[in-house]
Amino acid sequence: MANNIEEKRCMLCNKPYNYKYDMFGRGCLDNLYELLKVSKPPKVIWNKELYLCTMIAWKNHKFFLSKNKKYTLTQKYIALKYLDTMNYESLNDIKEKISKDISNIKFWSKNIIELISFKLNDIYQLFNYSQRFDEMIKEIKNIDFEKLDKEVAEKFIKDLSFIFDETKMSNPVSYAVFYAMQYAFWQVVVAGGILAKMNLSAKLLLHSLAPFEQEPEDLIIEDKETIKLITESDEVKNKLNQLIQRYGQGKRKFVIDEGASDEDILIRFETGDLLFALHDASILVKAQKDNENKWNFEIEIIDEYDFTDFKNLKEYADSNNNKFRDIFSTLLNNFGVVSSEYGVIKTYNLKIKFKTKEGEF
């Protein structure tokens, strides 16, 4: 006898099945009972799928719904439960819209009004992405980065790169989930930066991670730790000596401002914390000799904190010949470019202000 039951695909996992349920395969249906905390029906109930839909309708105080409305309600209710499980703040607006869609399903209404549409399989995939990410974050927090070799570093990069998928930006639900995962990732990077004594890099990154749909204010830095880091750097020492030789000979003062040449104001840092924190910054200088004939400087280092360009490995290699740091730093920059497109890492202007004098640098 021919089998006339056509093959269907489960709305949740998208796997094929060929029996009389309308939405879910048996395995997914069993899992949904557990997810939704609904008791499984007695064996005398033949259609366990319709029974689940009826229980969901009753949970939402909706009675006498048509079969079509029950099924629509069930999909929205399941989606909401998966989004609740992910517990990302960026999903709040979407969850609110789904909740309103559920409220709008009434037995007397002719049409079902939708504020947001989705495929249940997409929600389920996003849930699985988030579960995978959460497990990886736990592993990252336990990593001893000093003991990692190149192969482990490259595997780490490959495994984590899925959260920086630019194709997910077009759908509002997937965008919100990938936004949240990236935001959580950068919070871990900030913590790692502090542990690695990359305090300035961590501080600037943290400031760029403004809450969802908010923008960071511009930043002025004048703390002693940062000033010490700057004044002790070879790049600042060399730049000031260069400017003295070029503009200070036979003079008691000179000024390098925004109108100066790029050669005079451009400063690039080559190693450590400053390499990762500042990219092609500008240095503005007011210099004047004191009564002891020593140069006194008022300095502003200005930069725009942003990630706009993908980097090759050699562009982020520092002089310490640390291959893992080179790989990891290039990775973070390129992840940062994607996160900037998502709006996770936000652009802002920063200024480091300090005074110093000849003999102190």
Side-chain angles (χ1 to χ4, degrees), residues 193 196-205 207-208 218-309 311-323 325-326 329-330 332-333 336 347-361:
K197 298 182 180 179
M198 309 283 280
N199 293 334
L200 181 59
S201 300
K203 180 177 183 176
L204 299 186
L205 175 57
H207 190 72
S208 76
D218 291 343
L219 189 62
I220 297 177
I221 300 174
E222 299 177 281
D223 65 275
K224 292 181 181 180
E225 181 184 2
T226 301
I227 293 170
K228 185 174 186 292
L229 180 68
I230 293 278
T231 54
E232 290 181 352
S233 69
D234 289 338
E235 291 83 1
V236 167
K237 293 176 184 178
N238 294 337
K239 175 63 76 171
L240 292 179
N241 286 325
Q242 179 190 87
L243 293 175
I244 290 170
Q245 291 297 317
R246 186 172 296 173
Y247 298 105
Q249 298 300 314
K251 297 180 181 179
R252 296 200 62 82
K253 64 180 180 180
F254 65 87
V255 176
I256 306 298
D257 58 18
E258 289 92 340
S261 67
D262 289 346
E263 183 182 359
D264 287 333
I265 66 174
L266 178 64
I267 185 164
R268 288 181 175 143
F269 296 94
E270 303 296 332
T271 60
D273 198 2
L274 292 171
L275 167 66
F276 307 131
L278 303 171
H279 313 131
D280 289 354
S282 298
I283 184 168
L284 309 180
V285 179
K286 291 182 181 179
Q288 185 167 342
K289 283 189 173 181
D290 60 19
N291 294 333
E292 297 177 351
N293 210 34
K294 298 286 187 180
W295 286 106
N296 288 254
F297 301 96
E298 292 182 26
I299 298 174
E300 293 182 356
I301 293 180
I302 300 171
D303 196 11
E304 182 180 56
Y305 190 85
D306 64 350
F307 291 84
T308 56
D309 299 313
K311 302 288 186 183
N312 295 318
L313 175 58
K314 63 182 180 180
E315 295 181 70
Y316 248 122
D318 70 16
S319 61
N320 294 328
N321 197 29
N322 185 325
K323 191 67 176 177
R325 175 172 286 186
D326 298 343
S329 302
T330 307
L332 292 184
N333 179 84
T347 300
Y348 64 92
N349 297 313
L350 68 100
K351 181 184 294 183
I352 302 172
K353 298 173 62 175
F354 60 96
K355 295 180 181 180
T356 189
K357 61 183 178 181
E358 197 173 0
E360 292 183 350
F361 62 87

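Note: hydrogens, waters and symmetry copies are ignored here, and every other heavy atom, side chains too, is used.
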(Q) To the nearest 0.5 Å, what is the distance between OG on S282 and CD1 on I267? (A) 10.0 Å
Q | Heavy-atom side-chain contact between I302 and L350 under 4.5 Å | A | no
Q | Over all atoms of both residues, closest heavy-atom pair of L229 and D273 | A | CD2-OD2, 3.8 Å
Q) Is any side-chain heavy atom of Y247 less than 4.5 Å from a side-chain heavy atom of V255? A) no
Q) Taking side chain as C-beta onward, heavy atoms only, is M198 less than 4.5 Å from F276? A) yes
Q.
Please report the interatomic distance NZ(K237) to OG1(T356), rounded to the nearest 0.5 Å.
A. 10.0 Å
(Q) Using the rule given for side-chain contact (heavy atoms from CB on, under 4.5 Å), can you reason through E225 versus N199, listing the C-alpha separation, both sets of side-chain angles and the distance that settles it, and then say yes or no? (A) CA-CA 9 Å; E225 181 184 2; N199 293 334; 2.6 Å; yes
Q: Could you tell me the separation between the NE2 atom of H279 and the CG atom of L274, rounded to the nearest 0.5 Å?
A: 10.5 Å
Q: Decide if atom CZ of R252 counts as having more than 12 heavy atoms of other residues, nucleotides or ligands within a radius under 6.0 Å.
A: yes
Q: Give a yes or no answer on whether the side chain of D303 reaches the backbone of Y305 with a donor-acceptor pair at less than 3.5 Å.
A: no
Q: Give, for atom CZ of F269 and atom CG of L275, the distance between the pair rounded to the nearest 0.5 Å.
A: 10.0 Å
Q) Would E263 and R246 count as a side-chain contact (heavy atoms from CB on, under 4.5 Å) if you check the C-alpha gap in whole Å, the side-chain angles of each, and the deciding distance to 0.1 Å? A) CA-CA 12 Å; E263 183 182 359; R246 186 172 296 173; 3.1 Å; yes
Q.
Please find the pair of heavy atoms, one from A277 and one from S201, that lie closest to each other, and give the distance.
A. N-OG, 3.5 Å
Q. Can you pull the salt bridge (charged side-chain N to carboxylate O under 4.0 Å, His left out) pairs that have at least one residue in residues 282-299, sequence neighbours excluded?
A. none
Q: Provide the closest heavy-atom pair for L205 versus S208 in the form atom of the first, atom of the second, distance.
A: O-OG, 2.7 Å
Q: Can you sort out the partners of I227 under side chain to side chain contact (heavy atoms under 4.5 Å, CB included), two or more places apart, ordered by chain and number?
A: T231, F354
Q: I would like to know whether I256 and I283 meet side-chain contact (heavy atoms from CB on, under 4.5 Å); could you show each step before the answer?
A: CA-CA 8 Å; I256 306 298; I283 184 168; over 6 Å; no
Q. Are W295 and N241 close enough that some pair of their side-chain heavy atoms sits under 4.5 Å apart?
A. no
(Q) Using modelled atom types and a 3.5 Å cut-off, is there a donor and acceptor pairing between side-chain atoms of S233 and backbone atoms of I230? (A) yes
Q: For the residue pair I265 and E258, establish whether any side-chain heavy-atom pair is separated by less than 4.5 Å.
A: no
(Q) Within the 3.5 Å criterion, strictly below it, is a donor on Y348 or D306 matched to an acceptor on the partner's side chain? (A) no
Q. Has the side chain of E235 got a donor or acceptor atom that lies under 3.5 Å from a matching backbone atom of E270?
A. yes
**Q.** Charged N-O contact under 4.0 Å between K228 and E232
**A.** yes
(Q) Contact between L204 and L219 at the side-chain level, heavy atoms closer than 4.5 Å - yes or no? (A) yes
Q) To the nearest 0.5 Å, what is the distance between CG (D234) and OG1 (T271)? A) 7.0 Å
Q) Is there side-chain contact between V285 and K239, with at least one heavy-atom pair below 4.5 Å? A) no
Q. CG of L284 to CG of D257: how many Å apart, nearest 0.5 Å?
A. 7.0 Å
Q | Side chain to side chain, K353 and I220, heavy atoms closer than 4.5 Å | A | yes
Q: Verify side-chain contact (heavy atoms from CB on, under 4.5 Å) between I299 and L240, making sure each step is shown before the conclusion.
A: CA-CA 10 Å; I299 298 174; L240 292 179; 3.9 Å; yes
